[in-house]
Protein chains: 2
Amino acid sequence: MSAALDFRVVPLPHPALRPCATCAVRRISVCDAIPEPFLARLGGAATGGVARPGILFIEEGEPAADFLNIVSGTARIYKLLPDGRRQITGFAKGGDFLGLAVSNTYAFSAEAIDTVRYCRFSHSRLRALMRDFPALEERVLKFASSELVAAQEQMLLLGRKSARERVASFLLAQSDAYAQRSPACFVLPMPRGDIADYLGLTIETVVRTLRKLRNEGLIEVSNAQDVVIRDHMSLRSLANGLRAA
Amino acid sequence: MSAALDFRVVPLPHPALRPCATCAVRRISVCDAIPEPFLARLGGAATGGVARPGILFIEEGEPAADFLNIVSGTARIYKLLPDGRRQITGFAKGGDFLGLAVSNTYAFSAEAIDTVRYCRFSHSRLRALMRDFPALEERVLKFASSELVAAQEQMLLLGRKSARERVASFLLAQSDAYAQRSPACFVLPMPRGDIADYLGLTIETVVRTLRKLRNEGLIEVSNAQDVVIRDHMSLRSLANGLRAA
DNA sequence: CGAATTTTTGATTTATCTCAACAACCGTGG
DNA sequence: CCACGGTTGTTGAGATAAATCAAAAATTCG
């Protein structure tokens with residue numbers, strides 16, 4: 001259903017209105033490989049887009065024509081089984097690069113959780129940029145490598161960790177990604193169903209496990225979004241499968 | 001324990017004795033990106049090695065100094081939890097490329113299942129080659145992308161498929177990789193414990209599931225290694241989670 | 001051949017799922 | 001502002017797929 005892809009996905013008027021020079025995520029994204037003087041060319045190769053919450057902006061099985069760079073917001077990256085079972089393979093946020101494929105169709109779907117802003121590069125345009133700026137290809141390879149390492153870690157979690165260990169691992173990863181202060185306190189932008197589908201659990205098990213960790217004083221969860229990590233040490237050893245937690 | 005790494009891993013005498021020109025996996029590996037006239041340079045950048053069955057030749061956490069290209073044999077790629085739980089993230093075989101890392105330590109271990117022959121490239125040497133032959137970097141990126149797609153598929157398996165669906169998926173993947181004839185018949189080079197740790201199951205569950213598939217006439221398993229797929233259709237729909245199987 | 005390992009089978013337990021109900025939250029419109 | 005319907009989150013009781021425990025059979029290898 002390509003229709004779903006386009007609905008409420010508003011292309012921004014003109015590249016010039018989104019200058020790469022002032023892009024908030026340029027320095028942490030693959031675009032950092034393009035030297036300042038060539039930013040105009042980079043911007044010219046991209047099309048900006050916005051996906052409102054809930055909107056599917058990449059669909060598994062569709063022709064993979066573009067690479068995407070997330071500018072802001074958070075998206076769920078997932079695969080489905082025919083009967084609707086869903087595995088979320090990751091959450092993409094500002095600075096992330098999407099669309100690496102082997103075949104010429106996307107291997108995953110991407111859906112906006114909150115409002116997602118992105119830049120879209122056609123394969124041919126990005127390939128041309130990579131030819132002219134080898135540092136860009138190197139940067140993309142670095143990104144792919146880190147995704148691969150993260151994927152292996154997630155396979156360990158899905159294949160061998162208990163529900164408690166999975167939730168602890170997830171909270172720590174979120175904390176590392178978002179929390180600045182100590183004690184680490186942060187927001188979960190995704191609903192419980194997303195956490196469950198990311199950790200290979202059910203919603204109920206995620207909720208029960210969070211409650212238990214709260215009762216044990218390892219974390220605080222006032223409302224559904226806000227989390228405070230109270231005992232980082234214990235949570236860490238739990239996440240790593242050390243019994244002494 | 002670096003000692004374990006070196007034990008029985010015999011470096012081949014001289015690069016000239018392993019000419020890339022006659023390498024059986026050159027055309028299917030990243031090395032295919034290097035034009036014929038430059039094969040001597042490629043060979044000069046590599047060190048050959050052999051790992052006998054059971055030998056650890058990459059260890060998680062050790063400094064990631066080299067990339068490896070598998071020439072022949074099969075290796076288990078895995079991660080461990082402190083208490084010994086193991087997740088095999090993949091099986092590397094001839095033509096595969098190992099060692100992509102973000103940090104400067106390996107994120108996984110690699111152990112020979114049967115005798116594994118490989119070529120070892122230091123990071124600096126391969127980086128120099130990629131600089132001089134952009135097609136090589138492109139090839140490595142392609143490989144990383146396909147690994148990433150495979151990893152996402154495996155996350156779906158580990159997070160959302162039943163034991164039956166996992167075993168069916170595994171058999172089909174093995175069949176696609178090895179079997180030529182129809183009805184597909186092939187050999188499982190790895191023991192049951194490896195299959196279990198790859199699929200996030202126990203040995204007993206793998207065995208019981210194979211028996212059940214055999215009793216239902218979907219496959220034949222005479223001894224522990226040899227498998228024949230009798231009903232490819234049913235196995236495929238089982239693997240994809242379609243209830244009609 | 002005999003010890004060690006791997007594979008297979010059976011009996012039982014358990015972590016997690018399923019099902020069911022209720023509570024909290026959210027945006028909408030009266 | 002508040003009532004409303006729909007979504008998301010939480011809790012409990014019971015079901016179950018897969019794990020664990022135990023032991024026998026088959027295979028490998030010195």
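Remember, it's a predicted structure, so these values are computed and weren't measured experimentally. Note on naming: letters A, B, ... go to the chains in the order of the sequence lines (proteins, then strands), and numbering restarts at 1 for each one.
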Applying ring-ring contact (aromatic ring centres under 6.0 Å, His included) to B/Phe170 and not counting sequence neighbours gives B/Tyr198
Applying salt bridge (charged side-chain N to carboxylate O under 4.0 Å, His left out) between B/Asp197 and each of B/Arg192, B/Arg85, B/Arg86, B/Arg76, report the one that passes.
-> B/Arg86
Which donor-acceptor pairs under 3.5 Å do side chains of residues 88-99 of chain A form with protein atoms, sequence neighbours excluded?
unit_1: A/Thr89; atom_1: OG1; unit_2: A/Ile77; atom_2: O; d: 3.4
unit_1: A/Asp96; atom_1: OD2; unit_2: A/Lys93; atom_2: N; d: 2.9

With a 4.0 Å cut-off, would you call A/Lys161 and B/Asp83 a salt bridge?
-> no
Any side-chain donor paired with an acceptor under 3.5 Å for A/Gln87 and A/Tyr78?
-> no
Could you pick out which residue, A/Arg166 or B/Met190, lies toward the 5' side of DNA chain C when each is mapped onto its nearest nucleotide?
-> B/Met190
Would you mind telling me which residue lines up with the more 5' stretch of DNA chain D, A/Arg160 or A/Arg192, judged by nearest nucleotide?
-> A/Arg192
Measure the CG-CZ distance between B/Leu238 and B/Arg166 for me, rounded to the nearest 0.5 Å.
-> 13.5 Å
For chain A, the stretch of DNA chain D it reaches, first to last nucleotide, under 4.0 Å of its heavy atoms | D/dG9 to D/dA13
For DNA chain C, find the residues of residues 201-208 of chain A with a heavy-atom distance under 4.0 Å and give them by number; none if there aren't any.
-> A/Leu201, A/Thr202, A/Glu204, A/Thr205, A/Arg208
Tell me, which pairs form a salt bridge (charged side-chain N to carboxylate O under 4.0 Å, His left out) where one or both residues lie in residues 144-154 of chain B, sequence neighbours left out?
-> A/Lys79-B/Glu153
Look at all strands and tell whether A/Gly54 reaches a base, only sugar-phosphate, or nothing, counting heavy atoms closer than 4.0 Å.
-> nothing
Main-chain N/O of A/Leu171 paired to A/Ser175 side chain as donor or acceptor, under 3.5 Å = no
Span of DNA chain C engaged by chain B, first through last nucleotide within the 4.0 Å heavy-atom cut-off, is C/dT7 to C/dA11
Could you tell me which non-hydrogen atom of B/Ala64 sits nearest to which non-hydrogen atom of B/Ala101, and how far apart they are?
-> CB-CB, 4.3 Å
Check ion pair B/Glu216-B/Arg230 (N to O, under 4.0 angstrom) = no
